[in-house]
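Because the structure is a prediction, the values reported are computed rather than measured. What's counted below: heavy atoms across the whole structure, side chains too, no hydrogens, waters or symmetry copies. Here, residue 1 is the first one in the sequence, and each next residue gets the next number.
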Amino acid sequence: MFIIKNCEIKNELTYRGSVILKYEIEYPQIYSDTYNTYKFNTLNHKKALDLENYAKNTLFKDAMDLYDYNYSNGYPIMVYELVLKYTITYNKEPIISLYQDEYVFSGGAHGNTVRTSQNWNFKCGNQFTLSDIYCNNPNYILFILQEINKQIVEQGVEFYFPDYFSLVLDTFNINQFYITNNYVIVYFNQYDIAPYSTGIPEFKIIY
């Protein structure tokens with residue numbers, strides 16, 4: 001098992017005496033005496049710094065514009081938020097798998113979350129793919145899509161858009177997966193195949 005250090009960047013930005021933007025960015029750093037984790041650590045550190053830069057520049061400017069508009073029109077002041085959290089789903093050397101949820105609230109009824117994931121084999125020093133997992137099945141994509149549609153029916157099609165069958169095909173992304181001890185978890189982001197109330201749909205696929 002890898003030793004993982006949780007790192008955090010957080011701040012509150014003010015404008016005209018009011019907090020208008022909060023951000024909290026968590027990212028992992030791995031330490032190992034056996035494997036070279038430099039690539040992983042550099043990637044995740046850079047992603048965190050890029051996200052902070054986005055918050056301090058783009059989001060903060062938008063938040064200031066909204067503050068001025070709301071203040072001038074007597075509307076409540078909205079506080080923008082950016083939160084990045086990660087979850088380690090598999091940690092057995094030389095493999096690690098995780099997903100990251102990036103939540104942004106920039107006004108409106110609710111914020112939005114975008115999920116990304118990383119799957120690393122440090123024996124070769126790179127991320128692995130679904131084709132690496134299902135290397136003995138040339139039709140693995142068809143197999144996964146069939147499993148997804150089967151599970152949607154089992155869960156209840158009312159939780160998905162009426163045209164979920166075609167949407168699954170259109171929005172399926174071979175990079176949107178992570179692994180656990182027994183399954184590959186394939187996921188779709190918000191609004192890909194289901195309304196906001198369904199959240200981020202996940203499907204367990206045996207490997």
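Checked by atom type and distance alone, the side chain of Gln127 never pairs as donor or acceptor with a backbone atom of Gln118 at under 3.5 Å. Panel note: side chain Ser32, backbone Thr34; a donor-acceptor pair is recorded below 3.5 Å. Looking at Thr89, its side chain does come within 3.5 Å of a backbone N or O of Ser97 through a donor-acceptor pair. Judged purely by atom type and a 3.5 angstrom limit, Asn112 has no side-chain atom pairing as donor or acceptor with the backbone of Val104. Checking side-chain atoms of Thr113 against main-chain N and O of Asp101 turns up no donor-acceptor pair under 3.5 Å. Between the side chain of Asn73 and the main chain of Tyr75, no donor-acceptor pair closer than 3.5 Å is present. No side-chain donor-acceptor contact under 3.5 Å links Asp68 to the backbone of Asp65.
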- Going through the distances and angles, do Lys56 and Asn11 end up as a side-chain contact (heavy atoms from CB on, under 4.5 Å)? CA-CA 9 Å; Lys56 292 169 71 174; Asn11 201 358; 5.6 Å; no
- Task: Quick one: do Leu84 and Tyr23 satisfy side-chain contact (heavy atoms from CB on, under 4.5 Å)? Show the steps, please.
- Result: CA-CA 8 Å; Leu84 180 70; Tyr23 63 84; over 6 Å; no
- Item | Residues Phe143, Asn139; criterion side-chain contact (heavy atoms from CB on, under 4.5 Å); working and verdict | CA-CA 6 Å; Phe143 164 70; Asn139 299 313; 5.9 Å; no
- Task: Before giving the answer on side-chain contact (heavy atoms from CB on, under 4.5 Å), spell out for Phe188 and Leu167 the whole-Å C-alpha distance, their side-chain angles and the decisive distance to 0.1 Å.
- Result: CA-CA 10 Å; Phe188 292 78; Leu167 290 174; over 6 Å; no
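Remark: Asp62 engages no residue in a side chain to side chain donor-acceptor pair (under 3.5 Å) (not counting sequence neighbours). Taking Tyr27 as the reference, His45 meet the ring-ring contact (aromatic ring centres under 6.0 Å, His included) condition, with sequence neighbours excluded. Every residue was checked against the ring-ring contact (aromatic ring centres under 6.0 Å, His included) condition with Tyr191, not counting sequence neighbours, and none meets it. By the side chain to side chain donor-acceptor pair (under 3.5 Å) test, Lys10 pairs with no residue at all, sequence neighbours left out. For Phe2, the ring-ring contact (aromatic ring centres under 6.0 Å, His included) test picks out Phe122, with sequence neighbours left out. By the side chain to side chain donor-acceptor pair (under 3.5 Å) test, Glu24 is found to be paired with Lys85, residues two or more places apart in sequence or in another chain being considered. With sequence neighbours excluded, no residue forms a side chain to side chain donor-acceptor pair (under 3.5 Å) with Asn70.
Two different hydrophobic clusters hold Phe40 and Tyr31 under the rule that ILVMFWY side chains link at heavy-atom gaps under 4.5 Å. Phe105 and Tyr196 fall into different hydrophobic clusters, defined by Ile, Leu, Val, Met, Phe, Trp and Tyr side-chain heavy atoms under 4.5 Å apart, directly or through other members. The cluster map of Ile, Leu, Val, Met, Phe, Trp and Tyr, joined by side-chain heavy atoms under 4.5 Å apart, puts Ile205 and Leu145 in the same cluster. No continuous path of ILVMFWY side-chain contacts below 4.5 Å connects Tyr90 to Ile4, so the two sit in separate hydrophobic clusters. Tyr71 and Leu66 end up in the same hydrophobic cluster when Ile, Leu, Val, Met, Phe, Trp and Tyr side chains are linked at under 4.5 Å.
Annotation: side-chain hydrogen bond (donor to acceptor under 3.5 Å, both in side chains) contacts involving residues 146-158, sequence neighbours excluded, comprise Gln155-Tyr160. Residue pairs that meet the salt bridge (Lys or Arg N to Asp or Glu O under 4.0 Å) test with at least one member in residues 43-53, sequence neighbours left out, are Lys46-Asp50. Listed by first and then second residue, the salt bridge (Lys or Arg N to Asp or Glu O under 4.0 Å) pairs involving residues 185-207 are Arg115-Glu202 (not counting sequence neighbours).
Surrounding CD1 of Ile174 are at most 12 heavy atoms belonging to other residues, nucleotides or ligands under 6.0 Å away. Within 6.0 Å of CD1 in Ile3 there are 12 or fewer heavy atoms belonging to other residues, nucleotides or ligands.
Within the 4.5 Å cutoff, the side chain of Val19 has no heavy atoms near those of the Ile77 side chain. Counting heavy atoms from C-beta on, the side chains of Ile141 and Tyr134 never come closer than 4.5 Å. Under the 4.5 Å side-chain criterion, counting only non-hydrogen atoms from C-beta, Ile152 is not in contact with Phe159. The shortest distance between side-chain heavy atoms of Phe60 and Tyr80 does not fall below 4.5 Å. In this structure the side chain of Tyr35 never reaches within 4.5 angstrom of the side chain of Ile96, judged on heavy atoms. Side-chain contact between Ile133 and Tyr140: absent, with no pair of heavy atoms (C-beta onward) separated by less than 4.5 Å.
Between Lys5 and Tyr86, the shortest heavy-atom distance links the atoms O-OH, 4.2 Å. When all heavy atoms of Ile20 and Tyr15 are compared, the closest pair comes out as CD1-CB, 3.4 Å. When all heavy atoms of Pro28 and Gln100 are compared, the closest pair comes out as CD-NE2, 4.5 Å. The two residues Ser166 and Asp163 have their closest heavy-atom pair at OG-O, 3.0 Å. Heavy-atom minimum distance, Phe172 versus Val186: CE1-CG1, 3.9 Å.
To the nearest 0.5 Å, atoms OG1 (Thr87) and CD (Glu26) are separated by 9.5 Å. To the nearest 0.5 Å, the span separating OG1 on Thr37 from CD on Gln29 amounts to 8.0 Å. One finds the CD1 atom of Ile25 at 8.5 Å from the CD atom of Glu102 (value rounded to the nearest 0.5 Å). Here the CH2-CD1 distance, from Trp120 to Ile95, works out to 11.5 Å after rounding to the nearest 0.5 Å. Atom CG of Leu21 and atom CG of Leu13 lie 4.5 Å apart (nearest 0.5 Å). Within the model, atoms CD1 of Ile144 and CG of Leu130 stand 4.5 Å from one another, a figure rounded to the nearest 0.5 Å.
In this structure, Ile185 belongs to a hydrophobic cluster whose other members, linked by side-chain heavy atoms under 4.5 Å apart, are Tyr99, Tyr178, Tyr183, Tyr187, Ile200, Ile206. Think of Val114 as one node in a network of Ile, Leu, Val, Met, Phe, Trp and Tyr side chains linked at under 4.5 Å; it has no links at all.
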